[in-house]
Each structure stands twice: as structure tokens, then as C-alpha cells.
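Structure record follows, encoded as C-alpha cells.
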Amino acid sequence: MKVSEVQQLKQKRAQTALWKKPDSSSNPSKQALHHLLVQPCLQSKRREQAPDFLGTRGYARHRWFTITKLAVCKETVKKNQTTSYRGIQTTMAAQYLSDPRTSHGLANSGDSQLRLVLVGKTGAGKSATGNNILRKKVFLSSFSAVSITKHCEKGSSTWKGREVVVVDTPGLFDTEAPDAETVKEITRCMVLTSPGPHALLLVIPLGRYTPEGQKATEKILTMFGESAREHMILLFTRKDDLDDMDFRDYLKQAPTAIQELIHKFRGRYCVFNNKATGAEQEDQREQLLTLVQDVVDKCKGRYYTNSRYQKTEEEIQKQTQVLQEYYRAELERAKAQIKQEFEEEIRKLKDELEQQKRKVEMEMQLAEREAYWVSRQQTAREDVLSQDKILEIILNVLRGFFSLFKD
Ligand SMILES: Nc1nc2c(ncn2[C@@H]2O[C@H](COP(=O)(O)OP(=O)(O)OP(=O)(O)O)[C@@H](O)[C@H]2O)c(=O)[nH]1
Ligand SMILES: [Mg+2]
């Protein structure tokens, strides 16, 4: 069999498949669609062809199949377009851009995320805590004399219908002066939590609050500054080391440094046993997230931000717009190509029925392409954040006035 014959056979098979009778019971709006889409064809200037047009029962069914699919496709595009481009910009701006005059990000009702950052000394139990909040093993956590987490990482889960985003960090504040690698990691942390975290969890292991640990805490408090204090929560790990002792009893004889911290944080603390399972694990997670919600409520929904976070967010939005423009251009390019290819083919066709069939196919392909690129525009921000390039761009933007977090 010749290649052209095989192709013809394949085409015929494909057409037969399309012509299969659609299940009318599965499509209750069939009558309405007929009225809307087929009826106008019958009333068109090709009316005289109508009996033949519908007389070809298979073709009529094929048109049904195609028209219904096209209508669904167009409906998807319409739906997507309501939130596309300008819509995306407005939503994102409202959701993420904070008032540049304040040092706090104003949460929008659409901002359903709860963004948390874990900070603390190496080995304090940040990654183990992150995994317990997320209820899954996302971060590497292990007993070691050297730091385990090398880069900031992000994980997410849900709590009461809200997305909980947790960012785990390496021991960013262990060294005296931040080196280039630390600055890079702090920037990565800002990118991952942009436009700003709702709560900063300062992780401290119970019974191991060494002088170095105290130094790290002081550095964190200084670096984030006074404006971050109301977003901070103390998270003590190693509750299991207390055995059956009540935490309040422990506090009575705890090192003064711990007592002072509790006082400084006005009782905003949580105690975790990262080895816990079952109900105990669920209870401590619930207690922490309820405390986070309390913090958010007290801050009237605001998240923590500063001038560097605002610059970071501005740049993310700028890059998102560039990518959306690119996706829009790609859509136009794809549409022009589809039109050119089909129109050339249609021009060569003599049979008006065949021409009509090709036009419907063209419309379908256009609608499908549009649905694809519109959805890419909607998720452009995620695409920007998943590229390594964004970190370099923001590092460049922040270079020169990087004095860590403090305003
Ligand atoms: N018994 C007990 N061990 C814990 C607890 N929390 C953490 N650990 C252990 O402490 C060790 C260090 O925990 P990590 O979660 O890796 O600590 P980290 O702060 O992420 O450390 P770096 O990534 O190196 O900065 C691991 O062996 C954990 O299992 C806890 O509540 N109880
Ligand atoms: Mg870690």
C-alpha cells in the first residue's frame, strides 16, 4: 500500500470516529445548542443546501460534535479572559502590592495564603518543624554537627481552606557578617515569601539555648528590626526532652534568657515535639496555626514587609508582565499561523461543504490555542518564580543598598 493510500485510510478512520453518534442523554443542552448554532446555518444564504447539509446525517452529527466542542472551548476562553491580562494585573496588584508609604503589606481578601518563614540557629529543628507544619517530609532534617539545609526551600499545604506556605532557611544568622552566599539565601527567602511573610517563626531548641544560640537570636531580632516583632512567634522544639514536665513549670526554672524572650514576645510562643505522631502532632500543628491566625488578626491581616521586600515584589511583577506580554505575542503568532495555513487550504477547496468543515476546524484550533496561552498568562507569576534567573535579577536590584532586613 502506498503512503498516500495509508494516509487516506487514516483520515477516513478519523472521520468515522468523529461521526459517531453522540450520546444525547449526556448532553442536556443539545436542543439549545442546536437552536443557537445550527439553526443560523439553516437560515444563512446557503439555505438551499440545508436539506442536503443535514441530510448527510453523519456530517450533521460530526458538526454537532465539533460545534459542541467548539462552544465548550470558546466558553473556557471567555471564562479565562475575564481574569486574563488586565484582570490579572489588577488582581495581582491588589493582592500583592502594599502601600509603599507603610512598612506593612496590606492583605487583600483574595490573599488566602498564610506565608511562614522558619529562622534560627543551625540544628535548632527548623526543617523538622517545617515538615510537621506541612504534614509531609518536604525538608531534609537530620542529626548533624554541620548545617543540613543549604538553601531556602518552600513547601505548602492547606489549613482551614487556606494555603499554608512554609519557607525553610539554613542557619542564616550563625556567622558574624553575612557573606555573599548568606546574602543570596536571604534574597532567595524574600523571593519565596514575596510580598512578605505573615509570621516569622524563631526556632529555639529547649534545654540547648547556648550562648551562640542567644547571639543568633539577638542578631535575628536586630536584623529584622522592631517592625517585624509583631509578626514573630517563638517556637521551642524538643518538647519531648521535658518528659512529663509541664512547660510552665519548666519556665519557672528556665534560663533567664528564655524567660526574657517569652516576656519580649508577650507570650507569643509554641512548644513542639517534632518526634510526635498522631493526635499530639495534629494538636501542636493546630495550636501553632491558630497562633499564626491570631498574629495575622492582630496585624489586621497585614504581612511583614520592608523596602527590600517591596523592591523584590515590584521586580517580580515587572518580570511577570514581561512574560505575559511574551505569551500574548506567542498567541498572536500562533493564531496568525493557524489562519494562514487553513485559509490557504480553504482557498484551494472547491466543495463549499468541505470549506465549511475546515473553517470549523480552524475555529477549534484557534480557540484551543487561545485557551492555552490565556492560561499561561494567568500562571506567569509562578513561571517567573520557578526560574533561577529571577534570583540573579533581584540580587542585582538590591545590590548596593543591602543592609539585610532592617529598615
Ligand atoms: N527529640 C527531638 N529531636 C528533634 C526535635 N526537633 C528536631 N530534632 C532533631 O534535631 C536534629 C536537627 O533538626 P533539623 O530539623 O535538621 O534542624 P535544622 O534547624 O533544620 O538544621 P539546619 O538545616 O542544619 O540549619 C534532627 O536530628 C532532628 O530530628 C524535637 O522536637 N525533638
Ligand atoms: Mg534544616
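Remember, predicted model here, so these are calculated numbers, not experimental data. First listed ligand is number 1; within each ligand, the first listed atom is number 1.
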Which one of [options] has a non-hydrogen atom at the shortest distance from [atom]?
{"atom": "atom 23 (O) of ligand 1", "options": "Val271, Thr149, Leu206, Asn131", "result": "Thr149"}
{"atom": "atom 16 (O) of ligand 1", "options": "Ser147, Gly125, Ser142, Ser144", "result": "Ser142"}
{"atom": "atom 2 (C) of ligand 1", "options": "Asn274, Thr129, Ile148, Asp240", "result": "Asp240"}

Looking at [atom], what's its closest protein heavy atom, distance included?
{"atom": "atom 21 (O) of ligand 1", "answer": "Gly123 N, 3.0 Å"}
{"atom": "atom 25 (O) of ligand 1", "answer": "Lys126 NZ, 2.9 Å"}
{"atom": "atom 10 (O) of ligand 1", "answer": "Arg238 NH2, 3.5 Å"}
{"atom": "atom 14 (P) of ligand 1", "answer": "Ser141 OG, 3.4 Å"}
{"atom": "atom 27 (O) of ligand 1", "answer": "Phe143 N, 2.9 Å"}
{"atom": "atom 29 (O) of ligand 1", "answer": "Lys275 NZ, 2.9 Å"}

So for Thr122 against ligand 1, with non-hydrogen atoms under 4.0 Å, the contacting part is both

The answer for which part of Phe272 has a heavy atom under 4.0 Å from ligand 1 is backbone

| message | Could you check whether Arg135 pairs with Glu282 (Lys NZ or Arg NE/NH1/NH2 to Asp/Glu carboxylate O, under 4.0 Å)? | response | yes

Identify whether the distance between the nearest side-chain nitrogen and carboxylate oxygen of Glu370 and Lys335 falls below 4.0 Å. yes

Sequence neighbours excluded, the answer for ring pair (Phe, Tyr, Trp, His ring centres under 6.0 Å) partners of Phe247 is Phe236, Tyr250, Tyr269

Protein N/O/S atoms closer than 2.8 Å to the Mg ion (ligand 2), ordered by chain and number, come to Ser127 OG, Thr149 OG1

